[in-house]
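One structure is given here, and the rest of the page talks about it.
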There are 2 protein chains.
Amino acid sequence: MNIGDVASATGLPAKTIRYYEDIGLVAPRRGENGYRTFDETDLHKLSFVARSRSLGFSTEDCRALLELYNDRSRASADVRAVAEANLARVAAKITELEAMQKTLTTLVHRCHGDARPDCPILEDLAAPTA
Amino acid sequence: MNIGDVASATGLPAKTIRYYEDIGLVAPRRGENGYRTFDETDLHKLSFVARSRSLGFSTEDCRALLELYNDRSRASADVRAVAEANLARVAAKITELEAMQKTLTTLVHRCHGDARPDCPILEDLAAPTA
DNA sequence: ATAAGGGTTCCAGTCACTGGAAGGTCAAGG
DNA sequence: CCTTGACCTTCCAGTGACTGGAACCCTTAT
């Protein structure tokens, strides 16, 4: 398989796949012509990474997870630790964003949003109340 | 005021304040010795930016908001448009993260997390069910 | 005189890509 | 045989919003 095939199979842009090779997440062989040649294992790894990334794991997490995946004797606790750390990050981010959302919603609602110049949003940014 | 005073007043790291000068969000004068000299207006601007950033506005948004703030004849609708766009971004991000959270939570719960090697987390990453 | 604690610049690195230029390869059609 | 177009290659640079670090200057106190 060439990179384009893998791109459509995984949904990852070819650029991204090259980048993943760069940072050592995958190591396809090369054909006579210098083209990358992906086998089923490469494809599987890339799908794994794509799925992991979509769940918020960093590329370093992906590297660790791939290693754990290939280590037949890993403890499931090790995997869970990685997943829990990520879950904590995600939860923290949600909390942070929800606080923003709350404030922004209030401000947007308070602003009449017409042609007049007075604006509660700017007033809050300039000197937040509470 | 020197940069350190502004840093403690705004809570922004000195490095960040220098960066904001770099990208033109603030333009403090310079003293004889080459030190940045911040006046009340600079301080106010930086607080404004800090507050805006904490609500998820990009630095470019901050630039626009500062301009609107200084434009006595702006329409509040213009400000609201910027805020609404940001709110939409924030909401979209929350939705995305909540989807991750949901899946991650399920996976973490499903994993017994002991010394045994079989792990539903890795299984899902390798071949997601549904 | 020196040491501590400011301040300055500039360069490089982060993270995970993404865009673009310049060029090589391959299969099909005229 | 030649061209066209769709692939592929490498390499360099840019994104956003900082952050770290080196090397150096300024000020104040001891």
Side-chain angles (χ1 to χ4, degrees), chain A residues 1-38 42 45-46 48-66 85-86 89-90 92-93 96-97 100, chain B residues 1-39 42 45-46 48-66 82 85-86 89-90 92-93 96-97 100:
Chain A
M1 290 175 105
N2 282 348
I3 201 168
D5 308 315
V6 181
S8 27
T10 59
L12 293 167
K15 276 258 173 191
T16 299
I17 297 171
R18 284 189 201 106
Y19 170 71
Y20 288 164
E21 184 189 22
D22 248 38
I23 63 170
L25 290 184
V26 75
R29 307 177 185 245
R30 295 298 180 118
E32 283 286 301
N33 51 14
Y35 286 18
R36 289 168 184 81
T37 307
F38 298 83
D42 294 322
K45 271 191 190 184
L46 285 168
F48 185 101
V49 170
R51 170 79 173 151
S52 302
R53 292 284 303 121
S54 82
L55 291 176
F57 290 99
S58 70
T59 50
E60 281 316 303
D61 282 345
C62 291
R63 192 192 306 284
L65 290 169
L66 278 174
N86 185 35
R89 271 198 308 272
V90 168
K93 195 77 198 169
E96 191 191 337
L97 287 169
M100 291 180 186
Chain B
M1 291 176 105
N2 282 348
I3 201 167
D5 308 315
V6 181
S8 26
T10 58
L12 293 167
K15 275 255 172 193
T16 300
I17 297 171
R18 285 190 201 104
Y19 170 70
Y20 287 164
E21 185 189 22
D22 247 38
I23 63 170
L25 290 185
V26 74
R29 306 177 185 243
R30 295 299 180 118
E32 283 286 301
N33 52 14
Y35 286 18
R36 288 168 183 81
T37 307
F38 298 82
D39 59 22
D42 294 322
K45 270 192 189 184
L46 286 167
F48 185 101
V49 170
R51 169 81 172 151
S52 303
R53 293 283 303 121
S54 81
L55 291 177
F57 290 99
S58 70
T59 50
E60 281 317 302
D61 283 344
C62 291
R63 192 191 306 283
L65 290 169
L66 278 174
V82 176
N86 186 34
R89 272 198 308 271
V90 169
K93 195 76 197 170
E96 192 191 336
L97 287 168
M100 290 180 188

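Throughout, a chain's letter reflects where its sequence line sits, starting with A, and its residues are numbered from 1. What's counted below: heavy atoms across the whole structure, side chains too, no hydrogens, waters or symmetry copies.
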Reckon B:Thr59 has a side-chain N or O less than 4.0 Å from the OP1 or OP2 of D:dA17? yes
Figure out the CD1/P separation between B:Ile17 and C:dG6, and round it to whole Å. 14 Å
Indicate whether OP1 or OP2 belonging to C:dG7 is found under 4.0 Å from a side-chain N or O atom of B:Arg36. no
OP1 or OP2 of D:dT19 versus the side-chain N and O atoms of B:Thr16: is any pair under 4.0 Å? yes
A:Asp61 CG to C:dC15 P: how many Å, rounded? 11 Å
Expressed in angstrom and rounded to an integer, what is the separation of B:Ile3 atom CD1 from C:dG6 atom P? 13 Å
Rounded to whole Å, how long is the line connecting atom CD1 of B:Ile23 with atom P of D:dG14? 17 Å
Residue-phosphate contact under 4.0 Å: A:Arg30 side-chain N/O, D:dC8 OP1/OP2: no
Check whether any side-chain N or O of B:Tyr19 sits under 4.0 Å from OP1 or OP2 of D:dG16, and answer yes or no. no
For the pair made of CZ in A:Arg63 and P in C:dC15, what is the distance, rounded to whole Å? 11 Å
Rounded to whole angstroms, how far apart are CD on B:Glu21 and P on C:dC10? 12 Å
If only side-chain N and O atoms of B:Asn33 are considered, is one of them under 4.0 Å from the OP1 or OP2 phosphate oxygen of C:dG7? no
Separation of D:dC12 atom P from A:Arg18 atom CZ, nearest Å, is 16 Å
Is B:Tyr20 near enough to D:dA17 that one of its side-chain N or O atoms lies under 4.0 angstrom from OP1 or OP2? no
Step through the shown structure and confirm whether more than 12 heavy atoms of other residues, nucleotides or ligands are within 6.0 Å of CZ on B:Arg29. no
Taking atom C1' of C:dG7 as reference, at what distance in whole Å does atom CD of B:Glu32 sit? 15 Å
